[in-house]
Amino acid sequence: MGLDVRDLSVRYGPVTAVSEVDVELADGEVLALLGPSGCGKSTLLRAVAGLERPSAGSVHWDGTDLARVPVHRRGFGMVFQDGQLFPHRDVAGNVEFGLRMRSVSRARRAARVAELLELVGLAGYERRRVTELSGGEAQRVALARALAADPRLLLLDEPLSALDRMLREQLAVDLAALLARDDATAIVVTHDHDEAFTLADRVAVMARGRILQLDTPARLWQRPAGDEVAEFLGCTTLLPAQVRDGVATCALGAVAVAEPDGEARLGLRAAGVRAERLGVGAGAAAGGVGADGGGGVDAGGVGGGAAGGADGGGAASPSLGNGDGGHPVAVRVRQRTGSVTSTDAVVGTVRERVHRHDHVRLTVTVPEAPEAGRVEAVAGTADAPGVGEAVRLTIDPDGIAVVGP
Ligand SMILES: Nc1ncnc2c1ncn2[C@@H]1O[C@H](COP(=O)(O)OP(=O)(O)OP(=O)(O)O)[C@@H](O)[C@H]1O
């Protein structure tokens with residue numbers, strides 16, 4: 001049955017840090033609490049641990065109300081951001097601490113410590129001083145210490161955030177594998193999307209003390225419940241769309257979606273809007289943008305538009321228009337899988353350009369689609385369009401979300 005948090009609120013004087021939160025967590029499941037600083041993630045975790053007293057609501061484990069159960073009797077393990085190891089004990093002394101408290105024999109303690117150090121990738125580290133460990137090693141020891149007592153629930157508060165980026169990414173992968181191997185039930189607090197998505201079976205997105213959406217990573221990514229979640233998860237452009245026969249058409253073009261006919265709201269991430277210099281010909285467009293292999297270019301499409309040239313003016317090229325001055329001409333639809341039907345491409349002008357590690361991020365204005373505002377788009381690092389250049393935008397279905405309940 002696991003954890004059951006019902007209608008939980010925590011107040012600090014006038015501040016409501018957690019507001020009417022419901023969470024259920026099954027045995028063996030890993031949940032991430034994800035949200036911006038101050039949204040109440042740590043307070044919720046601490047209330048589950050018994051470190052904060054709820055002002056309303058309840059926390060149950062396997063049907064037992066924990067209101068009167070003190071922290072050390074809940075059977076939960078905790079790991080904090082900075083590990084909080086005992087500096088005067090060596091690695092083994094830290095890991096076995098909980099076992100000593102339970103009067104486990106010396107031989108069994110040593111065997112368990114060795115097993116746990118192996119599990120966290122620190123075999124043979126027993127006699128090392130904890131003050132001489134790297135940040136990543138110290139967090140692994142903290143994790144081994146928390147696991148030593150066989151907690152029925154592991155509570156991890158930003159366990160990797162004190163580490164540098166490379167190490168964090170690697171440790172997140174290691175931690176996910178370790179939690180799975182140990183069949184651990186865990187709640188992880190993080191403000192890092194990638195970390196949440198790497199570690200958790202389900203993710204709760206929080207804001208202002210509330211859970212806005214609790215879902216699997218895939219569903220959160222593809223179906224954020226509202227604009228706030230979509231924006232938090234990187235959708236920089238939100239637009240109304242019309243869906244017909246599995247194709248959603250918005251002011252920036254058309255894209256395949258698994259939605260019924262009718263109105264929809266699309267959230268576009270920068271990575272889902274590809275920009276190409278207008279001077280690039282149809283062949284280049286098919287190779288570059290249609291890299292999924294499903295894309296072709298149908299008649300009257302990009303080739304004609306490209307002939308319009310890179311005039312740098314930013315106005316829609318006449319040859320890309322459909323003649324009525326309104327919406328752009330059909331070119332193709334890019335789909336996650338399957339074949340090509342039809343789509344739109346629009347033309348805009350690059351206003352800003354920033355190099356990221358593996359792509360160039362562009363801010364583009366699209367005269368034909370003023371409602372889209374300043375559109376965030378990406379281009380490859382080789383020969384990326386510059387500020388003032390005209391670009392053709394294409395929507396990539398992998399980078400879009402359908403927003404709404
Ligand atoms: N002991 C306290 N006394 C008063 N207010 C508090 C206390 N602890 C937290 N708060 C407030 O409660 C709100 C939620 O804080 P909390 O630490 O849970 O947020 P968080 O999402 O974990 O943030 P962060 O990612 O910055 O740690 C914040 O407005 C914070 O200022």
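All ligand and atom numbering here is 1-based and tracks the order in the structure.
When only non-hydrogen protein atoms are considered, atom 25 (O) of ligand 1 lies nearest to Lys41 NZ, 2.9 Å. Looking from atom 1 (N) of ligand 1 to the surrounding protein, the closest heavy atom is Tyr12 CE2, 3.7 Å. The protein atom (non-hydrogen) at minimum distance from atom 19 (O) of ligand 1 is Gly40 N, 3.2 Å. When only non-hydrogen protein atoms are considered, atom 26 (O) of ligand 1 lies nearest to Ser37 OG, 2.6 Å. With hydrogens left out, the protein atom closest to atom 18 (O) of ligand 1 is Thr43 OG1, 2.4 Å, a heavy atom.
The option with the heavy atom closest to atom 27 (O) of ligand 1, from among Ala17, Ser42, Cys39, is Ser42. In the candidate list Gly38, Gly35, Ala207, Gly38 is nearest to atom 20 (P) of ligand 1, counting heavy atoms.
Remark: distances from the non-hydrogen atoms of Gly209 to ligand 1 are all 4.0 Å or more.
When the side chain to side chain donor-acceptor pair (under 3.5 Å) test is applied to Glu96, the partners found at least two apart in sequence or on another chain are Arg100, Arg109.
Not a single protein heavy atom sits closer than 4.0 Å to atom 30 (C) of ligand 1.
Note on ring orientation: taking the six-membered ring where Trp is involved, the planes of Phe97 and Phe86 are tilted (angle from 30° to 60°).
Between Asp192 and Arg168 there is a salt bridge, since a side-chain N of the basic residue sits under 4.0 Å from a carboxylate O of the acidic one. Salt bridge annotation for Arg128-Asp90: absent, with no cationic side-chain nitrogen under 4.0 angstrom from a carboxylate oxygen.
For the 3.5 Å distance criterion, the side chains of Glu195 and Thr190 qualify, holding a donor opposite an acceptor. Side-chain contact annotation: Asp65 with Ser58, donor-acceptor N/O pair under 3.5 Å absent. Donor-acceptor pairing under 3.5 Å is lacking for the side chains of Thr363 and Arg351.
Those atoms of ligand 1 with a heavy atom of Pro36 less than 4.0 angstrom away are 21 (O).
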